[in-house]
Amino acid sequence: MDEQIKLIGERLRGLRDVLDMSADEMASICGISVEHYQKMENGESELSVANLQKIAKHCGVSLDVLMFGEEPKMSTYFLTRKGQGMSVERRSAYNYESLASGFRGRKADPFIVTVEPKPADTPKEMNSHSGQEFNMVLSGTMELTIGNKVLTLHEGDSIYFDATQPHGMRTLNDHAVKFLAIIF
């Protein structure tokens with residue numbers, strides 16, 4: 001995981017250099033402190049897909065370029081076989097498997113997300129991003145907070161929500177959770 005986070009940080013730094021943007025500007029796009037952004041670039045901080053998506057949209061690049069270092073090439077269809085999607089552990093206990101990384105110009109970013117349990121006293125990380133999000137639990141149980149509402153989702157449950165609302169999740173019952181996340 002550490003190597004993947006460092007590679008994403010290097011891509012962020014390279015994008016910023018190419019576009020002649022300051023770390024202050026990039027931090028502002030994400031709505032985070034400059035110190036936090038610099039830790040992302042240095043591979044010292046966990047990365048949020050929401051922040052990567054904000055940067056990608058603002059800078060006019062594909063989310064795949066930041067996450068995987070590759071530009072999507074397919075425009076008719078892109079097939080992802082079970083367990084074969086491009087994968088990145090963007091922060092500890094979170095693994096994102098992209099299901100459409102090779103399709104260019106897509107309108108949504110679908111992922112299979114696997115989250116390992118953390119100690120119960122670990123604060124839930126809340127984030128927000130433009131657009132909407134759909135989550136469907138494939139296995140396990142998760143607690144999803146949207147704004148002030150706390151919801152429990154079990155295997156087979158799904159939710160569609162306004163992603164501009166602060167949201168965050170955690171596993172329940174000390175078991176990993178696997179869910180389909182589609183970010184629009």
Next item on the list: Give a yes or no on whether the backbone of Thr164 and the side-chain of Asp162 come within a donor-acceptor separation of less than 3.5 Å.
Entry: yes
Checklist line | Leu15-Leu7 co-clustered via ILVMFWY side chain contacts under 4.5 Å | finding: no
Checklist line | Derivation of the side chain to side chain contact (heavy atoms under 4.5 Å, CB included) call for Arg104 and Asp64 | finding: CA-CA 9 Å; Arg104 82 173 167 240; Asp64 299 315; over 6 Å; no
Check: Are Val61 and Leu63 joined in one hydrophobic group, where the rule is that I, L, V, M, F, W and Y side chains link up if heavy atoms are under 4.5 Å apart?
Finding: yes
Checklist line | Non-hydrogen atoms of Met26 and Met21 that approach each other most closely | finding: SD-CE, 3.7 Å
Check: Any side-chain heavy-atom pair from Phe161 and Leu144 closer than 4.5 angstrom?
Finding: yes
Check: Can you name the nearest heavy-atom pair linking His175 to Thr171, along with the distance?
Finding: O-CB, 3.4 Å
Next item on the list: State, with a plain yes or no, whether a side-chain heavy atom of Tyr96 is found less than 4.5 Å away from one of Leu52.
Entry: no
Next item on the list: Would you give the length of the straight line joining atom CD of Gln53 to atom OG of Ser130, rounded to the nearest 0.5 angstrom?
Entry: 5.5 Å
Item checked: Beyond-backbone contact of Val137 with His154, side-chain heavy atoms, under 4.5 angstrom -> no
Notebook entry, point to check: Under the 4.5 Å side-chain heavy-atom rule for ILVMFWY, direct or indirect, which residues accompany Phe103?
Noted result: Met74, Phe78
Next item on the list: State the CG-CE distance between Asn51 and Met40, to the nearest 0.5 angstrom.
Entry: 5.0 Å
Note to self: For the backbone of Ala163 and the side chain of Glu133, can you confirm whether one donor and one acceptor N or O come within less than 3.5 Å of each other?
What the structure shows: no
Check: Which ILVMFWY residues are connected to Phe184, directly or by a chain of links, through side-chain heavy atoms under 4.5 Å apart?
Finding: Leu99, Ile112, Phe134, Met136, Leu138, Tyr160, Leu180, Ile182
Notebook entry, point to check: Going by atom types alone, do Asp24 and Ser22 pair a side-chain donor with an acceptor below 3.5 Å?
Noted result: no
Next item on the list: Determine whether Ile55 and Cys30 make a side-chain contact, defined as any pair of heavy atoms from C-beta on separated by less than 4.5 Å.
Entry: yes
Margin query: Are Leu172 and Leu151 connected into the same hydrophobic cluster when the rule is that any two of I, L, V, M, F, W, Y join if their side-chain heavy atoms are below 4.5 Å apart?
Written below: no
Check: In Å and rounded to the nearest 0.5 Å, what is the CD to OG1 distance from Glu97 to Thr114?
Finding: 7.5 Å
Notebook entry, point to check: If only atom types and distance count, is the side chain of Arg170 paired as donor or acceptor with the main-chain N or O of Lys124 below 3.5 Å?
Noted result: no
Next item on the list: Could you pull out the closest heavy-atom pair between Val113 and Ala181, with the gap in Å?
Entry: CG2-CB, 3.9 Å
Next item on the list: Taking all heavy atoms of Val65 and all of Arg11, pick out the closest pair and write down the distance.
Entry: O-CD, 3.0 Å
Next item on the list: Drop me the distance from Ser98's OG to Gln84's CD, to the nearest 0.5 angstrom.
Entry: 13.0 Å
Check: What is the minimum heavy-atom distance between Tyr37 and Ala27, and which atoms define it?
Finding: CB-CB, 3.8 Å
Next item on the list: Give, for atom CD of Gln132 and atom CD of Gln165, the distance between the pair rounded to the nearest 0.5 Å.
Entry: 11.5 Å
Note to self: Nearest 0.5 angstrom please: Ile159 CD1 to Met169 CE, how far?
What the structure shows: 12.0 Å
Next item on the list: Verify, without hydrogens or angle tests, whether Lys54 (side chain) and Ser128 (backbone) share a donor-acceptor contact under 3.5 angstrom.
Entry: yes
Note to self: When you group the ILVMFWY residues by side-chain heavy-atom contacts below 4.5 Å and let the links chain together, are Val115 and Phe111 in the same group?
What the structure shows: yes
Margin query: Counting only heavy atoms from other residues, nucleotides and ligands, does the tally under 6.0 Å from CG of Asp20 exceed 12?
Written below: no
Notebook entry, point to check: Considering residues, nucleotides and ligands other than Lys149, do more than 12 of their heavy atoms fall under 6.0 Å from its NZ?
Noted result: no
Check: Checking His167 side chain against Gly147 main chain: does a donor-acceptor pair fall under 3.5 Å?
Finding: no
Checklist line | Distance-minimising heavy-atom pair for Glu116 and Ala176 | finding: OE1-CB, 3.7 Å
Check: Any side-chain heavy atom of Val49 within less than 4.5 Å of one from Met67?
Finding: yes
